[in-house]
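Encoded as structure tokens, the structure appears first; notes follow it.
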Amino acid sequence: PHCLEVPIIFLTTRMETDSIVKALDQGGADYITKPFRPAEALARIKVHLQMRFLMKRHRDNIEALRKANKEKSRLMGIVSHDLKNPLISIRGLSEFMRDEVAGPLNSDQISMIQSIFSASDNMLALVDDLLDYSLTEHREERNDFAPGNLAEVVRNSANLLSFNAAQKNININISDGGLKSDILFDKRQIRRVVDNLVSNAIKFSPSLTNVEINLLNGGNSIRCEVIDEGPGIPEDEMGNVFRAFGTTSVKPTGGEMSTGLGLSICKKIVESHGGSISFRNRPQGGCLFTFSLPILVTAMDELVVS
């Protein structure tokens, strides 16, 4: 093993192509035939030693960047976690004051408190996204997988977000087709995916429209579709959709905040479950986001992922 990085140069009288190809296939770095010229051999040796030095420096740089990125994500997680509790307190107290729980307020005071509430709510959403991003960035193993039903997760998410939708006169419609197949998944993480896709659909949809959530059995997987009636995504900006901090020129219809982290988190979560996520603009308008997860199969009292 300690010789794995040592360049191997064949020096031989065999000149046939098959021998050269076999030598290189077996890990040789170069092939010199006899009779050889010492100056040429030395030049080749110098080239390979230089390449070895550059490759080592390249690997060292990659490792240093990996460690720096890991430290960045760790610090991001710490800062996000420490900011979350005070933000929750600020939002909660401003909500109590806005609702005049502590006593009556005049219109100017209510307006200022509403601004505090909105700002703290947006900051809390950003902190949540940063915290989730730091967790998905370096969580190499998941220990929270358990069999469950995706339809239940979707219904719970829709119920929670129905208030946001109602504020914009948007209907959320669910079609699960009586889906009963279990999947093996981290319920909290997949709930995060559904919440993000549905809240995005609400965020970018105009009033008096519908958000459709469809669950479909795809054979070896369950597919979840979230469909909105918004403007869709510009063709030249589609590459930004799943990129961390990637945003598009499309603006939320109600002035909501967008961090550009949510969909990149969704992609990491879905792929960590062995699934896939994609999107497309619909010809009739709006956007369709789809993610799929493997179906759980039970055999010999063991749970395996199809």
Side-chain angles (χ1 to χ4, degrees), residues 1-78 130 132-143 145 184 186 189 219-221 235-248 260-261 263-280 291-294 302 304-306:
H2 60 281
C3 293
L4 285 177
E5 297 180 3
V6 176
I8 305 298
I9 299 177
F10 281 81
L11 179 62
T12 175
T13 57
R14 303 187 66 170
M15 303 175 62
E16 61 272 19
T17 301
D18 288 346
S19 294
I20 297 173
V21 170
K22 185 176 180 181
L24 297 178
D25 281 345
Q26 293 297 318
D30 209 341
Y31 194 98
I32 302 174
T33 58
K34 296 178 180 179
F36 72 97
R37 294 182 289 275
E40 178 187 353
L42 286 172
R44 288 175 181 264
I45 290 170
K46 288 178 181 178
V47 167
H48 286 293
L49 290 177
Q50 185 179 22
M51 288 175 60
R52 180 188 178 190
F53 170 76
L54 292 174
M55 287 294 293
K56 184 179 184 305
R57 190 164 67 178
H58 180 63
R59 283 193 298 270
D60 290 344
N61 288 339
I62 291 175
E63 180 62 19
L65 288 172
R66 189 189 67 79
K67 289 180 178 178
N69 190 50
K70 187 173 182 178
E71 181 64 14
K72 175 213 69 178
S73 295
R74 188 183 72 85
L75 290 173
M76 186 188 298
I78 292 172
L130 288 172
D132 274 357
Y133 183 77
S134 67
L135 289 173
T136 56
E137 184 79 355
H138 288 289
R139 190 176 178 183
E140 297 178 356
E141 294 183 2
R142 295 188 172 278
N143 299 315
F145 280 95
L184 190 65
D186 183 327
Q189 291 291 337
N220 292 328
S221 64
E235 294 286 338
D236 60 342
E237 298 177 10
M238 288 184 168
N240 295 337
V241 171
F242 292 118
R243 196 177 68 211
F245 300 102
T247 57
T248 68
L261 278 174
L263 290 174
S264 70
I265 293 170
C266 290
K267 182 175 172 65
K268 289 178 181 293
I269 292 172
V270 170
E271 290 181 349
S272 74
H273 282 70
S276 61
I277 185 169
S278 61
F279 72 95
R280 63 178 173 84
F291 73 89
S292 61
L293 299 173
E302 293 181 349
V304 295
V305 177
S306 158

Output for pair (E237 CD, R243 CZ), nearest 0.5 Å, gives 10.5 Å
Side-chain heavy atoms of Y31 within contact of T12, under 4.5 Å: yes
Do other residues, nucleotides or ligands put more than 12 heavy atoms under 6.0 Å from the CD atom of E63? yes
Looking at side-chain heavy atoms only, is the closest gap between C266 and I277 below 4.5 Å? yes
Before you tell me yes or no, could you show the steps for R52 and K56 under side chain to side chain contact (heavy atoms under 4.5 Å, CB included), namely the whole-Å CA-CA distance, both residues' side-chain angles and the distance that decides it to 0.1 Å? CA-CA 6 Å; R52 180 188 178 190; K56 184 179 184 305; 5.7 Å; no
Can you tell me how far the NZ atom of K22 sits from the CD atom of E16, to the nearest 0.5 Å? 10.5 Å
In this structure, are over 12 heavy atoms from other groups packed under 6.0 Å from M238 atom CE? yes
One should read off an interatomic distance between I32 CD1 and I20 CD1, to the nearest 0.5 angstrom, of 11.5 Å
Does atom CZ of R14 have more than 12 heavy-atom neighbours from other groups under 6.0 Å away? no
Nearest non-hydrogen partners of G28 and F10, listed with the distance: CA-CE1, 3.9 Å
How far does NE2 of H273 sit from CG of L293, to the nearest 0.5 angstrom? 6.5 Å
Please round to the nearest 0.5 Å and tell me the distance separating atom CD1 of I45 and atom CD of E40. 10.5 Å
Contact between H58 and I62 at the side-chain level, heavy atoms closer than 4.5 Å - yes or no? yes
Nearest-0.5 Å distance, CG of residue L54 to CZ of residue R59: 11.0 Å
Could you list the residues that satisfy ring pair (Phe, Tyr, Trp, His ring centres under 6.0 Å) with F36, not counting sequence neighbours? none
Closest heavy-atom contact between F242 and L263? CD2-O, 3.5 Å
For S221, run the side-chain contact (heavy atoms from CB on, under 4.5 Å) check against P294, S276, S292 and tell me which one passes. S292
